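Shown next, in structure tokens, is the structure this report addresses.
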Amino acid sequence: MPPVEQESGFWYNATCILSHHTRSICMRMSHVFSRTLREAPSAADSKGYEYLLRAGFIQQLGAGIFSILPLGLRSIRKIENIIREEMDAIGGQEMLMPVVNPADIWKETGRYFSIDKEMSRFQDRVGRDMVLAMTHEECVTDVSRTQIDSYKRLPQLVYQLQTKWRDDPRPRAGLIRVREFTMKDSYSFDRDVEGLEKQYKAHYSAYFRIFGRCALPSIAVGSDSGMMGGKVAHEYMYLSPIGEDTIITCPSCGYTANRQVAVFKKTHVKEAPQSLVEKHTPACKSIEDLAAFLSIPKTQTAKALFMVGTFVDSTTGEEREQLIVGVIRGDMEIEENKLQNAAHANALRPAHVDEIKAAGMEPGFGSPIGAKKGIMVIVDDSVAEASNLVAGANKEDYHLLNTNFGRDYTGEVADIASAAGGYLCATCGGLLEQSKGVEVGNIFQLGTRYSQSMGCYFQDEDGVRKPVIMGSYGIGVGRLLACLAEEYHDEQGLKLPISTAPYQVHLVSLVKEAEVGERIYNQLQEAGIEVLYDDRKESAGVKFADADLIGVPIRLTVGNRSLKEGKVEVKLRSNLGETLSFAMDDLVVEVKAQLDKLQQGIDSSIHFAELA
RNA sequence: CGGGGCGUUGCCUAGUGGCUAAGGCGCUUGCUUUGGGAGCAAGAAAUCGGAGGUUCGAGUCCUCUCGCCCCGACCA
């Protein structure tokens, strides 16, 4: 390689980059790349999103595709560094895996076939199948099957902060649900289940420290393992009305779960079966109508939900559709996620009317009784354990009285009921509550799902080749920022906590002469404090409004009012009503003390949760 | 993918088929102002998302298309 000449642009640029880098903890408002917006863009549907746009943290490029602007990136970097520190603390090693994957490894695990359009595919110039990785289990398993060959190389934990692309059918709510996003994903490798559980527990606690240090309120809930194919899983939820997930919690015993898997206590009364009776029930298409018409409680009825499941052969990729009938007691709803799991289907969609009729059933008056063979029947235990329920007769305007599972029809019994607030806790019998939440992180015990299908084996002490036991753990970085913006704002704008705000101090100079402001700016900068300095020739109102909007935690105002007394005005963004004052001579010390105080406020509220 | 809505300057909006597409914010220049989005004056900035069509005449009506948003389906 030829030596680089001193005069070349490379050296010149490198010098610039270095000198710039050393000063990059501070910024002048007159140089900030983005600008603030006085009005909310029409796309902003939540306050957090609105202020991220108005403060110039992000800009939308397309549906679910955002640019992160310099201010936003500073917050993102702080979040990422907190994540790095906590992942390093539990033994994680950072690495980086490619966004573009050859499809081959995805075919090995079968997910090339089982994942629908959410994964984008293309062919390279030679015609090879490629995918945009929406997660990295395949890639990391490929890496570890060459790196890990012996129990001596276990356990391991690697992680990355990398772009993911998921072609979500409906991106929404700003950074909450996007198609391209940065995710921290870590992957654990162990020789046995005990090792996996240890790493899982380490993540469980590390995640609380991460969200705690970001000052994002969060709870861990039991969750569905979905397409990850594992068994044990938790999701970390930021509870908020803007959330799309429904969380079921029990205030009495602390049970929490995503509604997709939440269980609850069902009560049934077993009676002696009575004989079937066909009953004319004109226009009783809904359970409400039926119960009213017959003057019986809804608990004495059974209703059917008709879905078509897609089943994919994970080795050949061949798809097959099958009609699934879910049966549940009339007073409850079917949780489709549970139904899909019970059916072991890759996907579910509502059945068309003709599909239902073709199977010998009648929509509105349907039940598995007398249906044609070959359909999958999944019956909730609420129905299987009950007696003499009223169910559809598969004939328009007719129902059957006294139907009994086992006698009149059969099928697989499973819990497919949707939990809701007001139901009874399965653990302690207390009243369940429900709330909305945003999933900001998740942890999965994968087991050997990937190592087995991809041949990631190690040789154990006993000389036997065994599949590596894996775990997978994710945190959505941009989503975390979006949640923080949602949690920390008021009518004036953002007020992110000190640990994730783009700068620590917002210095507003209101005096004509630049000297005082410049001097303070340099002082703070030399003390290693991250300052955003409003040096613009703008009116006080504009500067204050922008400071409120961007929401840097500590605001220093240099104005003639306090300057005369040798003082600088101080406001905390979290409490604009109160004005403090620092003596000019003690400014750096006072600011540092205030920073410590803010940081301690966050540190002291972190709860060190452990998984039992 | 189904249902609905919206595309007019950087942002927010107005605009009966009829004159040179209007206003606010922002931007530029000058002067004034300087403790909560200040004032005066003068400017720049729009192929009205795109393509067809109807018409003497289309931002406005019709067809197609693209994009974005919302509800649902969907989703680690």
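Labels below follow one simple rule: chain letters A, B, ... track the order of the sequence lines, proteins then strands, and each chain is numbered from 1. All values reported here derive from a predicted model rather than from experimental measurement.
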Is it the case that [N] (base atoms only) and [X] (side chain only) share a donor and an acceptor within less than 3.5 Å, ignoring hydrogens and angles?
X: A:Asp546; N: B:G37; result: yes
X: A:Arg35; N: B:C27; result: no
X: A:Arg555; N: B:G36; result: yes

How is [X] classified with respect to the nucleic acid when contacts are heavy atoms under 4.0 Å: base, sugar-phosphate, or nothing?
X: A:Gly559; answer: base
X: A:Ala540; answer: sugar-phosphate
X: A:Glu336; answer: sugar-phosphate
X: A:Arg54; answer: base
X: A:Pro169; answer: base
X: A:Ile65; answer: nothing
X: A:Gly476; answer: nothing

Is the phosphate of [N], meaning OP1 or OP2, less than 4.0 Å from a side-chain N or O of [X]?
X: A:Ser42; N: B:C12; result: yes
X: A:Gln60; N: B:C69; result: yes
X: A:Arg38; N: B:G26; result: yes

Cationic tip of A:Arg555 above A:Phe544 ring, under 6.0 Å, 45° of axis: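 No - A:Arg555 does not lie over the ring of A:Phe544 by the 6.0 Å and 45° rule.
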Out of B:G37, B:C12, B:G72, minimum distance to the side chain of A:Glu39 belongs to B:C12
